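Nothing here was measured: the structure is a model prediction, and the numbers come from that model.
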Amino acid sequence: MARRLQLLAPDLAGWRMAGPGGFRQIAEGVIESHGGSGLFWYANESFDDFVLTVDWRTTGQEDNSGVFLRSPPLLDNPQPAIERGYEVQIDDRGLDPERNVLNSPLYRTGALYKLAPAFRRNSTPVGVWNAFEVTASGSCISVDLNGENISRLEDASREMRGHIGLQCHHEGSAVQFRNLSVTPLTAQKD
């Protein structure tokens, strides 16, 4: 296994924003989402198979975000990441926006958005840090939340290599992230 790469350097070198909204540093090593629906993506490197770890916490009950995996390179629009990459969801309400239903397993924190359900709710209360460990190996993507396996996709058929991203979802949603690292099993510079 390759060495662990810390992606949230103090100067956020290598990160780009696609779409509205953004991320701001609120403390050393901690960034927070704000504004509209966009994607903050790490452009310096793409990853095939890897283990990603990140701590995150919400600041309000209606906060929504996600950690994107294997996203294609982006310009000003996050849509290609939504259509071709994978999103590990952060939304404790589990809001299905198409049916306007709460507590939907395909939209709950830890789910691979619309592709693999979160088996149960395992996140901490608002304001308390959570930890994702996401393993992407070939066509299998597994998500652990706070030390428990919470979701698994066995037949991933979208992009098999791509970039890591963090979602800013809507005005008023402020999700914080720290300690984002990737341990690649294989990597390729773009």
Side-chain angles (χ1 to χ4, degrees), residues 7-8 12 15-27 30-42 52-71 74 76-134 136 141 143-146 148 150-153 158 162-180:
L7 299 188
L8 291 179
L12 297 177
W15 289 86
R16 296 184 187 160
M17 190 67 208
F23 279 81
R24 56 184 162 235
Q25 289 190 327
I26 59 166
V30 180
I31 62 171
E32 180 179 80
S33 64
H34 65 88
S37 184
L39 192 66
F40 194 49
W41 64 286
Y42 188 69
L52 175 147
T53 59
V54 64
D55 297 335
W56 61 270
R57 68 179 172 190
T58 57
T59 61
Q61 293 291 336
E62 295 188 4
D63 283 352
N64 188 319
S65 186
V67 177
F68 276 74
L69 319 169
R70 295 178 171 169
S71 167
L74 303 173
D76 293 332
N77 184 350
Q79 197 62 34
I82 295 165
E83 295 169 356
R84 296 171 35 207
Y86 303 88
E87 177 188 357
V88 180
Q89 176 71 336
I90 298 173
D91 180 5
D92 283 344
R93 298 169 304 149
L95 175 63
D96 176 340
E98 295 164 8
R99 298 183 305 139
N100 199 28
V101 174
L102 294 175
N103 205 29
S104 172
L106 285 172
Y107 299 88
R108 185 170 41 217
T109 297
L112 285 149
Y113 190 80
K114 293 173 93 171
L115 299 173
F119 306 135
R120 65 191 153 286
R121 189 175 187 279
N122 197 44
S123 52
T124 62
V126 169
V128 179
W129 288 102
N130 292 274
F132 273 147
E133 180 176 288
V134 182
I141 301 173
V143 179
D144 288 2
L145 173 57
N146 298 324
E148 290 187 35
I150 198 77
S151 184
R152 186 174 185 86
L153 178 64
R158 294 180 175 185
H163 299 275
I164 304 298
L166 301 174
Q167 182 187 44
C168 48
H169 192 271
H170 61 274
E171 188 64 49
S173 179
V175 178
Q176 299 172 355
F177 295 89
R178 68 179 185 189
N179 300 327
L180 174 58

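The distance from the CG atom of Asn64 to the CD atom of Gln167 is 6.0 Å, given to the nearest 0.5 Å. Taken to the nearest 0.5 Å, the CG atom of Leu95 stands 13.0 Å off from the CZ atom of Arg108. A distance of 7.5 Å separates CH2 in Trp15 from CD1 in Ile164, rounded to the nearest 0.5 Å.
Between Phe68 and Trp41, a ring centre-to-centre spacing not shorter than 6.0 Å is recorded.
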Using the side chain to side chain contact (heavy atoms under 4.5 Å, CB included) rule, take Ile141 and Val134 through it: C-alpha gap first, then chi angles, then the decisive distance, then the call. CA-CA 7 Å; Ile141 301 173; Val134 182; 4.0 Å; yes
Assess the residue pair Leu145 and Ser123 against the criterion (side chain to side chain contact (heavy atoms under 4.5 Å, CB included)); give the C-alpha distance rounded to whole Å, side-chain angles, the decisive distance to 0.1 Å, and a yes or no. CA-CA 7 Å; Leu145 173 57; Ser123 52; 4.1 Å; yes
Before giving the answer on side chain to side chain contact (heavy atoms under 4.5 Å, CB included), spell out for Val175 and Thr59 the whole-Å C-alpha distance, their side-chain angles and the decisive distance to 0.1 Å. CA-CA 6 Å; Val175 178; Thr59 61; over 6 Å; no
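Tyr107 is linked by a ring-ring contact (aromatic ring centres under 6.0 Å, His included) to Tyr113, counting only residues two or more places apart in sequence or in another chain. Partners of Glu62 by salt bridge (charged side-chain N to carboxylate O under 4.0 Å, His left out), not counting sequence neighbours: none found. Asp144 is linked by a salt bridge (charged side-chain N to carboxylate O under 4.0 Å, His left out) to nothing, counting only residues two or more places apart in sequence or in another chain.
In the displayed structure, Arg16 atom CZ is contacted under 6.0 Å by at most 12 heavy atoms of other residues, nucleotides or ligands.
Without hydrogens or angle criteria, Asp96 side chain to Val101 main chain gives no donor-acceptor distance under 3.5 Å. Asp63 places a side-chain N or O within donor-acceptor distance of the main-chain N or O of Ala174, the cut-off being under 3.5 Å.
Asn146 and Asn122 share no donor-acceptor pair across their side chains, judged by distance under 3.5 Å alone.
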